[in-house]
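Convention: sequence-line order gives letters A, B, ...; per-chain numbering from 1.
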2 protein chains.
Amino acid sequence: MALPFTLKELDPSGYLVRQGERAEFTCVLLSGFAYRQKIVGDGGRQIVALQVPGDAVDLQNSLLKIADHSVQALSAITMARIPRKALLEIAATHPRIAHAFWLDTLVDGSIAWEWIANIGRRDALMRLAHLLCEIALRLEVVGFHEGEAHKLPMTQEQMGDALGLTTVHVHRMIKQLERSGLIVRDKRTIAILDEHRLREVADFQRAYLHLNLLDD
Amino acid sequence: MALPFTLKELDPSGYLVRQGERAEFTCVLLSGFAYRQKIVGDGGRQIVALQVPGDAVDLQNSLLKIADHSVQALSAITMARIPRKALLEIAATHPRIAHAFWLDTLVDGSIAWEWIANIGRRDALMRLAHLLCEIALRLEVVGFHEGEAHKLPMTQEQMGDALGLTTVHVHRMIKQLERSGLIVRDKRTIAILDEHRLREVADFQRAYLHLNLLDD
DNA sequence: CGCTTCGTTGAACTGGGTCAACGCGTGTGG
DNA sequence: CCACACGCGTTGACCCAGTTCAACGAAGCG
């Protein structure tokens with residue numbers, strides 16, 4: 001809290017970081033959701049990470065000179081922007097804070113590795129189930145209580161881009177999960193009915209989220 | 001160099017870190033190659049990262065209590081094992097070293113995100129070409145000169161597990177690259193003939209490797 | 001109240017997987 | 001020193017999960 005910051009709001013699909021820009025600020029998400037995406041040569045889009053409230057979304061790019069990907073708002077968001085310099089300064093003078101930044105980055109990496117395994121080696125149904133499990137758990141951790149842990153405003157297209165699938169196929173998998181009684185849908189929100197069975201379908205092991213870091 | 005360490009050698013497919021174990025040491029690869037892998041529910045394997053000489057292979061797991069994946073030797077390797085405690089100690093007392101560890105972790109994460117995009121949104125030919133480009137460049141950076149930058153002893157099965165493909169299809173793609181004159185093979189090694197065209201095929205942009213960190 | 005964005009659905013298609021067999025080199029034990 | 005086994009590469013035929021294309025529907029918004 002001692003750091004200087006400015007508050008900023010953003011509409012859905014507004015840019016927190018734009019690919020190719022030099023990031024002068026690190027953003028901390030206060031409310032709302034965001035995603036990181038990469039555009040590949042043929043115009044295809046891949047979402048490589050999701051950010052929930054409390055995440056520091058640009059420890060990454062602010063250290064690495066030029067951003068090699070973009071971060072966009074998924075919903076309307078509010079964020080605190082901290083000058084890159086102040087952040088590096090405090091990391092350099094407060095080892096425990098530096099350690100915390102490092103851990104945060106480490107967990108992001110661990111999640112990315114799980115996503116690689118998810119996309120590379122699981123079929124569409126498992127992938128989708130896995131994503132839903134991850135989202136639900138991460139939202140719970142940051143204080144959404146269980147029942148509403150599914151209000152992440154993602155379109156089927158965005159889910160597809162996160163899972164390496166097409167919209168059409170995401171839709172079919174959603175319906176299949178629904179038919180199996182694992183989820184229910186209401187308009188554009190998904191709620192998990194049977195978290196235990198969903199995790200079995202998804203082959204979901206929560207270890208990779210490293211939620212137990214605090215009790216170290 | 002002031003840190004205490006013990007040297008250790010390992011044969012191909014020996015474990016540097018075993019999933020589920022508590023890592024008491026961080027390893028620095030001195031020679032040889034290694035890979036990180038995850039096993040998914042149905043027994044499938046996904047290689048989520050490659051490590052080349054000079055890499056600190058377990059900054060990750062040594063901070064995060066229990067390893068959520070394994071690291072295995074790809075070739076015969078030698079490594080220095082540094083006690084976890086000594087490493088954290090030096091990070092806590094030397095901000096510039098802590099900063100370097102953080103950066104190293106950040107780059108690992110950046111590479112993982114590129115892999116997600118590669119597996120999620122590129123077809124088999126591009127994926128393979130991309131992997132070859134990354135390997136060649138990373139090996140060059142750590143001092144293998146260009147001609148021999150391809151002696152990574154990976155089997156086609158391992159490439160498949162890194163790319164989310166099967167052995168059979170990796171083989172077909174290798175042959176296709178060969179027919180196009182982009183690579184040549186001699187027994188079990190691959191050499192890049194036309195790096196420029198290969199990068200075009202691969203949609204390879206080196207930014208994600210963040211090789212320019214040193215000139216900051 | 002029309003436009004736009006997203007969801008829904010079916011039919012046809014294909015990239016990559018599966019299966020199964022064979023080939024080649026290397027190491028090993030008799 | 002040879003026979004055999006084992007690991008890896010190679011190849012073809014067939015198959016299927018997921019894509020593509022195309023059309024329509026439903027909700028939100030200005």
Side-chain angles (χ1 to χ4, degrees), chain A residues 11-14 35 40 42-47 72-76 118-131 150-179 183-191 201, chain B residues 11-13 40 42-47 72-76 118-131 150-179 183-191 201:
Chain A
D11 289 330
S13 88
Y35 59 91
V40 305
D42 64 356
R45 176 175 75 157
Q46 177 70 42
I47 291 178
Q72 274 182 278
L74 199 52
S75 60
N118 200 35
I119 296 174
R121 285 293 179 227
R122 289 198 264 254
D123 66 24
L125 191 70
M126 295 176 81
R127 275 188 229 182
L128 174 62
H130 197 279
L131 180 67
H150 325 292
K151 298 235 175 99
L152 189 74
M154 266 182 115
T155 65
Q156 292 179 2
E157 185 182 11
Q158 287 162 340
M159 291 185 211
D161 285 341
L163 296 169
L165 297 170
T166 56
T167 316
V168 174
H169 206 59
V170 167
H171 176 247
R172 289 200 271 249
M173 296 301 103
I174 288 177
K175 282 194 64 180
Q176 188 172 331
L177 287 178
E178 195 179 23
R179 273 201 308 278
I183 61 173
V184 279
R185 287 180 306 149
D186 174 48
K187 309 206 173 175
R188 288 179 188 169
T189 62
I190 293 179
V201 168
Chain B
D11 288 330
S13 89
V40 305
D42 65 354
R45 176 175 75 157
Q46 178 69 43
I47 292 178
Q72 276 183 276
L74 198 53
S75 59
N118 200 35
I119 296 173
R121 285 291 179 227
R122 288 198 264 255
D123 67 23
L125 191 71
M126 294 175 82
R127 277 188 227 180
L128 174 61
H130 198 279
L131 180 67
H150 325 291
K151 298 236 175 99
L152 189 74
M154 265 182 117
T155 65
Q156 292 179 3
E157 185 182 12
Q158 288 162 339
M159 290 185 213
D161 286 340
L163 296 170
L165 297 170
T166 56
T167 317
V168 175
H169 206 60
V170 167
H171 177 247
R172 291 198 273 244
M173 295 301 103
I174 289 177
K175 281 193 66 181
Q176 189 172 330
L177 287 179
E178 196 178 24
R179 271 201 309 278
I183 61 173
V184 279
R185 288 181 305 149
D186 174 46
K187 307 206 172 175
R188 287 177 190 171
T189 63
I190 293 179
V201 168

Let me know the distance between CZ of A:Arg121 and P of D:dG18, rounded to the nearest Å. 13 Å
Per atom distances to the A:Leu165 side chain, the nearest of D:dG7, D:dT19, C:dG16 is D:dT19
Less than 4.5 Å apart, any side-chain heavy atom of B:Arg185 and any of B:Lys175? yes
On DNA chain D, more 5' by nearest nucleotide between B:Val168 and A:Asp123 is B:Val168
Output for pair (A:Ile174 CD1, A:Ile190 CD1), nearest 0.5 Å, gives 4.0 Å
Any B:Arg172 side-chain nitrogen or oxygen under 4.0 Å from OP1 or OP2 of D:dA13: no
Counting only side-chain nitrogens and oxygens, does A:His171 get under 4.0 Å of the OP1 or OP2 atom of C:dT8? yes
Which heavy-atom pair separates B:Arg121 from A:Asp161 by the least distance, and what is that distance? NH2-OD1, 2.7 Å
With a 4.0 Å limit, can you tell me whether B:Lys175 has a side-chain N or O closer than that to the phosphate oxygens OP1/OP2 of D:dG9? no
Separation of C:dT14 atom C1' from A:His169 atom NE2, nearest Å, is 14 Å
Starting at atom CE of A:Met159, determine the distance to atom P of C:dG7, rounded to an integer number of angstrom. 7 Å
D:dT10 C1' sits how many Å from B:Glu157 CD, rounded? 15 Å
Side chain of A:Arg188, heavy atoms from C-beta onward: which of C:dT5, C:dG17, C:dT9 has the nearest atom to it? C:dT5
Starting the side chain at C-beta, find the nucleotide from C:dT8, D:dG9, C:dT18 nearest to A:Arg185. C:dT8
Distance check needed: D:dG9 C1' versus B:Glu178 CD, whole Å only. 12 Å
Tell me the closest heavy-atom pair linking B:Gln158 and B:Leu74, and the distance in Å. OE1-CD1, 3.4 Å
Just call it for A:Gly160: base, sugar-phosphate, or nothing, with non-hydrogen atoms closer than 4.0 Å on any strand. nothing
Atom CE of A:Met154 and atom P of C:dG7: how far apart are they, to the nearest Å? 11 Å
Tell me the closest heavy-atom pair linking A:Leu163 and A:Gln46, and the distance in Å. N-NE2, 4.2 Å
C:dT8 phosphate, OP1 or OP2, under 4.0 Å from A:Gln156 side-chain N/O: yes
Applying a 4.0 Å non-hydrogen cut-off, can you work out what A:Arg127 is touching in the nucleic acid: base, sugar-phosphate, or nothing? nothing
Measure from CE on B:Met173 to C1' on D:dG9 and round the result to the nearest Å. 16 Å
Could you give the CD1-to-P distance, from A:Ile174 to C:dT8, as a whole number of Å? 7 Å
